[in-house]
> 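Can you keep this structure in mind? I'll have questions shortly.
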Amino acid sequence: MPGANLRLHNVLRYLHIDSATLCQRDFSALDCLSLDSRAVNASTLFLAISGSHTSGHQYIDMAAKSGCSLAFLDTAKSQQHGMLEERRGKSEHAISCLFVHDLQQKLADIAYCFYTGNNTTNQSQNALPSITAVTGTNGKTSVASLMAQLSSLCHEPSASIGTLGVNLFTKGAQQKLSETINTTPDIISLVTTLATLQKRGCTSVMLEASSHGLAQDRLSKLKVGCGVFTNLTQDHLDYHGSMASYGQAKRLLLKAQDLSEIVLNADDDESLKWQVETFDEQAVYWFSLHDLSAKRHGCWASEINYSTQGISFMLHARFPYFNAQQRVTGPLIGAFNVANLLAAVTALLAQGFSFAALVDAVSSISAVAGRMELFTSTKASVLVDYAHTPDALKQALLAARVHTQGKLICIFGCGGNRDSSKRVLMGRIAKQYADSIVLTQDNSRNEKPSTIIADIQKGLHDLAPHQSLSIELDREKAICQTWQASSVGDIILVAGKGHEDYLEINNQRIDYNERNIVRRLTSAVAPRTNTPSAQSSRGPQ
Ligand SMILES: CC(=O)N[C@H]1[C@@H](OP(=O)(O)OP(=O)(O)OC[C@H]2O[C@@H](n3ccc(=O)[nH]c3=O)[C@H](O)[C@@H]2O)O[C@H](CO)[C@@H](O)[C@@H]1O[C@H](C)C(=O)N[C@@H](C)C(=O)N[C@H](CCC(=O)O)C(=O)O
Ligand SMILES: Nc1ncnc2c1ncn2[C@@H]1O[C@H](COP(=O)(O)OP(=O)(O)OP(=O)(O)O)[C@@H](O)[C@H]1O
């Protein structure tokens, strides 16, 4: 056995390579796999494959320099399979290179053998957490996070994998385990993460499936029990070329191994294409902000109320074996979050969760950190959001407006040394959708904050008589003063920083955590409640 490493032994057995090939050196320390030389160390087995820009083969020396002692090299020549080469590059660090025929195609199985000891995908997957994949242009992060929270509140620890990294939820409490380079990681990173999560007691994982990830087959050989499609709007045409091929890439999810339940958005016509392409053995469920056609199973909402405390609506569920309805409340903002919550609940009900337990759990959920995150108080409610582009600011203000009973106040700035044309546009949007505007500092980098603010002001001429504009460069002060002067029923949207924990000023990063500032401010007077009342307010615009 090579260096008494059982994991490596399992992989070699799967590859039909004699373990004796690697008996000259000690590989006992190897305990993880990576496709990227930039992420390896002495305990990594480096898998060198070709990509669309470069080839891992070019980075063998770099991997050796980082202490890596073994690399598998992809080869198209079957006669090279199992050949070993000792290399000592310019760095003088030795690395054993083992050629593997068609390595790229074998990545998933290698990962399963390495981490679970089983050499069939099925056996290995049964040992790992179950997977729900969420795809769509918008809402992937939100739905994955809501599902993981709800699942953890009803059952065992659950996790989400996506743009916000790998997050483990236990009884609703979130712990960030690691960052991800991609929204949908490569198959080696995915299986590595699944194995880590399993060790931590996690039983189900909600995975964001990007169109790039699906098109590049990053989910290949991953057993995805349930798939969710949120919506399709224009995006990523640089990569996919046309809306048709972008949509088609998303629908590749239907071909995921073992996919048995698919959840579709009845309010998006694109879902009909999904329905046509489903396989006979796949059960289709639907969610909608309106009544669901009697022929369909799934969830829908009625009597939706938006208040400064969040959303509240009547949740209806119709499934083959039950019908139920119950009012639910949650600290989420905007009609799109009602849709996201419906998608999450539908997917969990489709997987056998109890309706009563889910309804209970909804009252304990939180928004994704820094994305329309709601902090209620005895004065205005405050929303912390990451919006830092004109369109994102517009969407955030539109979503906040339906919850506002008093004034909608917007605090924001713009970054320095970046696209300055957006400043005037963001000014115009604030003028169009907010009642009061407070301009402040964002990451000014090495631009003068006053110059940036002057640019934003170009979009803020001719305010209506009911509107007001003020400027406070100190961001924390701007928030505190605005909140102090606010009234019950007002909503303050603080846009631009979201989950970030720094401000970049004079090219230096200083500690700045807006979520903590707002949490302290609003909870000093009254603790945040997670149970919004069902009071009614204006409907969506
Ligand atoms: C264009 C694209 O999608 N590229 C993805 C693709 O890389 P690639 O095939 O081009 O790989 P490559 O750069 O040629 O490198 C070949 C091999 O050499 C290795 N390498 C490369 C350089 C090095 O120094 N050392 C090294 O070992 C690489 O790890 C790779 O194994 O496969 C890699 C592994 O899965 C991805 O990390 C990489 O995503 C890049 C970083 C990326 O930016 N992708 C974006 C477009 C993307 O995928 N975005 C979506 C989200 C979109 C959204 O909704 O916003 C996502 O899922 O992240
Ligand atoms: N169901 C939805 N429909 C339309 N817009 C949505 C929906 N859910 C969220 N959004 C908007 O899209 C933004 C991004 O949401 P989210 O992060 O959940 O989506 P995503 O698909 O993961 O996108 P990204 O990969 O860009 O993060 C939110 O701030 C919100 O403005």
Side-chain angles (χ1 to χ4, degrees), residues 33-40 44 46-63 65-66 68 71 73-74 103-104 107 134-147 160-164 180-190 206-220 228-233 235-236 238-240 246 249-250 265 267-268 287 289 332-344 367-373 383-389 391-400 495 498-499:
L33 304 172
S34 179
L35 290 176
D36 194 337
S37 62
R38 291 161 290 195
V40 303
T44 316
F46 176 44
L47 304 166
I49 56 162
S50 296
S52 52
H53 296 104
T54 177
S55 162
H57 290 220
Q58 293 181 23
Y59 303 97
I60 301 293
D61 197 31
M62 183 202 253
K65 242 189 220 166
S66 302
C68 179
L73 271 56
D74 198 1
L103 175 61
Q104 177 104 45
L107 290 176
V134 185
T135 196
T137 308
N138 288 307
K140 296 182 293 299
T141 307
S142 306
V143 173
S145 165
L146 287 171
M147 283 190 72
S160 61
I161 303 178
T163 317
L164 300 182
T180 44
I181 295 170
N182 288 105
T183 296
T184 307
D186 63 77
I187 185 69
I188 294 295
S189 309
L190 275 172
M206 319 307 164
L207 169 67
E208 288 185 50
S210 67
S211 53
H212 296 77
L214 288 161
Q216 291 169 23
D217 223 11
R218 292 184 207 152
L219 271 63
S220 75
V228 181
F229 167 65
T230 58
N231 49 57
L232 192 81
T233 51
D235 207 356
H236 304 311
D238 55 330
Y239 184 81
H240 297 288
Y246 175 41
K250 295 266 177 215
N265 181 356
D267 304 334
D268 189 322
F287 65 93
L289 289 172
L332 303 177
I333 295 292
F336 58 78
N337 267 321
V338 177
N340 291 339
L341 190 52
L342 287 167
V368 175
R371 310 263 175 119
M372 296 303 265
E373 192 175 359
L383 289 173
V384 175
D385 191 67
Y386 189 48
H388 54 270
T389 61
D391 189 56
L393 186 65
K394 176 177 163 183
Q395 298 309 327
L397 283 166
L398 278 173
H499 61 283

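Whatever order the structure lists ligands and atoms in, that order sets their numbers, starting from 1.
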> Just verifying a value: how many Å separate Asn340 CG and Asn265 CG, rounded to the nearest 0.5 Å?
9.5 Å
> In order of chain and number, which residues sit within 4.0 Å of ligand 1 by heavy atom?
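Under the 4.0 Å cut-off, ligand 1 touches Leu35, Asp36, Ser37, Arg38, Phe46, Ile49, Gly51, Ser52, His53, Thr54, Ser55, Gly56, Tyr59, Asn182, Thr183, Thr184, Asp186, Ser210, His212, Gln216, Arg218, His236.
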> Could you list the residues that satisfy side chain to side chain donor-acceptor pair (under 3.5 Å) with Thr163, not counting sequence neighbours?
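Only Thr183, Glu208 meet the side chain to side chain donor-acceptor pair (under 3.5 Å) criterion with Thr163.
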> What's the separation between atom CD1 in Ile188 and atom CZ in Phe46, rounded to the nearest 0.5 Å?
11.5 Å
> Nearest 0.5 Å, what's the CG-CG distance between Asp217 and Asp186?
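So the gap between those two atoms works out to 12.5 Å.
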> When Arg371 is tested against each of Leu164, Val384, Leu332 for side chain to side chain contact (heavy atoms under 4.5 Å, CB included), which residue passes?
Leu164
> Tell me every residue that passes salt bridge (Lys or Arg N to Asp or Glu O under 4.0 Å) with Asp36, counting only those two or more places apart in sequence or in another chain.
Arg38
> Rounded at 0.5 Å granularity, tell me how far CG in Leu393 sits from CG in Leu398.
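Answer rounded to 0.5 Å: 9.5 Å.
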> Please list, by chain and number, the protein residues whose heavy atoms come under 4.0 Å of ligand 2.
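Within the 4.0 Å shell of ligand 2, which is judged on heavy atoms, sit Thr137, Asn138, Gly139, Lys140, Thr141, Ser142, Thr163, Glu208, Asn231, Phe336, Asn340, Arg371.
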> Working to the nearest 0.5 Å, report the span between CD1 of Ile49 and CD of Gln104.
4.0 Å
> Which of these, Thr135, Asp267, Asn138, sits in a side chain to side chain contact (heavy atoms under 4.5 Å, CB included) with Asn231?
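Of all the options given, the one that passes is Asn138.
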